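Following: one structure in structure tokens, then a few remarks.
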Amino acid sequence: MRVRKAVLPAAGFGTRFLPATKAIPKEMMPLVDRPIIQYAVEEAAASGIDQIIIVIASGRSAIEDHFDSNASLERWLEDRGDIEMLRTIRRISEFGTVAFVHQREQLGLGHAVLMAKDLVGEEPFAVLLSDDVMLNPGGEPVTKQLIDAHLAHRGSVVAVQRVDRREVSRYGILEPLREEGRVVEIRNLVEKPSVDDAPSDLAVLGRYVLTPKIFDVLEQTNRGAGGEIQLTDAIRGLIREQPVFGYQFEGIRHDAGTRLGWLKANVAVALESDDADEFRSYVRGLDLRD
Ligand code: G1P
């Protein structure tokens, strides 16, 4: 079945980015000239998805406003004859359907995904955590790679990459059953294990293609690591009923939810932007000695 829908959880407090995120969600922090969440929406659209479901916290309208049309801004750009920017602005509100659901209590990532149950219905869907910025210039978008793996293997698929052993406690870590090329069949998953307890160095990064069965499991999932309802725990439950695969994707992931990761993501995006040549020569000219 075609994957048409994507869920983008965006209801966290963004505490790692305070005070920047005091009044705006972290997903609205810009990367060069677009808010972080727009990269995920564009990745989903480039992967064939035409229905986006964004899970937002109550009382935070900046994300809704961003994907809505803005008639007075459009009129102003039109009057000035800035047709290129007018097109750019219009394109944002023309990504197929963008729907919003509210997560009234911040009970964790699994809970956020569960909020989208009724809008997703009985079909496989993607989940994109937008602060994991996935760049694969010239290649397939990471979500597309996962969708293709899902269609080939007929099960849920999570994006994985090897991480430094010392950093396993920041991620969901998988225990492989068998590995073939980029595909790893998963025996088990652990959310944020200690270095000693980690079953491997294969970390789940923020892209998933899940079967709708996950919602039944999520409804039964208790609070886990950090006192939150974890998506990882629900996927572990799903493995008991259906095969779940890890896909070692092609591309570079930046954790734009941390200050350093956000800085690196900005540099990476800038080096692919219209200003790339000038930016490259600016960086080359910096005195980077200690
Ligand atoms: C979430 C998931 C975790 C995954 C990570 C990837 O954690 O719970 O399994 O490895 O995203 O970025 P968070 O970063 O929200 O704590």
Side-chain angles (χ1 to χ4, degrees), residues 6-18 21 25-27 29 31 36-37 39-40 43 54-57 103 106-116 126-135 142-143 146 156-176 184 186 188-195 197-210 214 217-218 221-239 244-249 251-262 264-265:
V7 176
L8 278 63
F13 285 123
T15 45
R16 281 182 292 191
F17 257 116
L18 284 168
T21 49
K26 66 176 172 182
E27 291 78 9
M29 297 267 295
L31 277 187
I36 291 175
I37 194 165
Y39 290 84
E43 179 188 323
I54 304 182
V55 184
I56 53 172
Q103 185 186 17
Q106 254 96 88
L107 296 182
L109 178 59
H111 182 254
V113 172
L114 184 55
M115 297 297 102
V127 175
L128 289 85
L129 310 186
S130 49
D131 53 7
D132 276 334
V133 175
M134 304 288 198
L135 302 174
V142 174
T143 297
L146 259 58
S156 296
V157 182
V158 302
V160 297
Q161 248 176 16
R162 292 193 188 280
V163 294
D164 190 318
R165 271 257 166 205
R166 286 165 300 185
E167 292 185 354
V168 287
S169 57
R170 288 171 47 188
Y171 301 101
I173 300 291
L174 59 92
E175 182 187 333
V184 190
I186 305 177
N188 198 6
L189 273 180
V190 196
E191 180 68 9
K192 302 195 171 71
S194 66
V195 175
D197 293 340
S200 76
D201 60 353
L202 283 166
V204 179
L205 300 179
R207 298 291 182 276
Y208 310 75
V209 172
L210 300 170
I214 194 73
V217 188
L218 273 169
T221 301
N222 295 321
R223 293 174 189 239
E228 298 187 341
I229 297 173
Q230 296 289 351
L231 183 58
T232 301
D233 292 344
I235 297 173
R236 192 173 52 238
L238 188 64
I239 294 171
V244 179
F245 303 91
Y247 187 77
Q248 303 185 65
F249 60 93
I252 301 202
R253 168 257 184 184
H254 293 283
D255 181 2
T258 67
R259 263 183 298 186
L260 193 57
W262 177 79
K264 289 179 186 173

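In this chain, numbering begins with 1 at the start of the sequence shown. Whatever order the structure lists ligands and atoms in, that order sets their numbers, starting from 1. Atom set for the values below is all heavy atoms of this structure, side chains included, hydrogens, waters and symmetry mates excluded. This structure is a prediction, so every number in the text was calculated from the model and none was measured.
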Should you measure from each heavy atom of Arg253, which atoms of ligand 1 turn up under 4.0 Å away? 12 (O)
Can you list the atoms of ligand 1 that are under 4.0 Å from a heavy atom of Asp132? 6 (C), 12 (O)
Side-chain heavy-atom pair Ile36, Lys26 within 4.5 angstrom cut-off: no
At under 4.0 Å between heavy atoms, what of Leu231 touches ligand 1? The answer is neither
Establish whether atom 8 (O) of ligand 1 and some protein heavy atom are separated by less than 4.0 angstrom. yes
Would you mind checking which non-hydrogen protein atom is closest to atom 15 (O) of ligand 1, with the distance to 0.1 Å? Lys192 NZ, 4.7 Å
Numbered atoms of ligand 1 (with element) below 4.0 Å of Thr232, judged on heavy atoms: 9 (O)
Met134 side chain near Thr143 side chain, heavy-atom distance below 4.5 Å: no
The residue among Ile56, Leu128, Leu8 that forms side chain to side chain contact (heavy atoms under 4.5 Å, CB included) with Ile37 is Leu8
Protein heavy-atom partner closest to atom 11 (O) of ligand 1 - residue, atom, separation in Å: Leu129 CD1, 3.5 Å
Taking the side chain from Ser156 and the backbone from Val244, do they hold a donor-acceptor pair closer than 3.5 Å? no
Considering residues at least two apart in sequence or located in another chain, which fulfil the side-chain contact (heavy atoms from CB on, under 4.5 Å) criterion with Gln161? Leu205, Phe249, Arg253
With a 4.5 Å heavy-atom cut-off, do Asp197 and Ile173 have their side chains touching? no
So the atoms of ligand 1 within less than 4.0 Å of a heavy atom of Gln230 turn out to be 8 (O)
Tyr208-ligand 1 polar pair, N/O distance under 3.5 Å: no
Please determine if Val204 has a nitrogen or oxygen closer than 3.5 Å to a nitrogen or oxygen of ligand 1. yes
Is the CZ atom of Arg170 crowded by more than 12 outside heavy atoms at less than 6.0 Å? yes
Identity and separation of the nearest protein heavy atom to atom 14 (O) of ligand 1: Arg16 NH2, 4.4 Å
For Arg165, enumerate each residue passing the salt bridge (charged side-chain N to carboxylate O under 4.0 Å, His left out) test, keeping only those at least two apart in sequence or located in another chain. none
Closest to atom 2 (C) of ligand 1 among protein heavy atoms sits Glu191 OE2, 3.7 Å
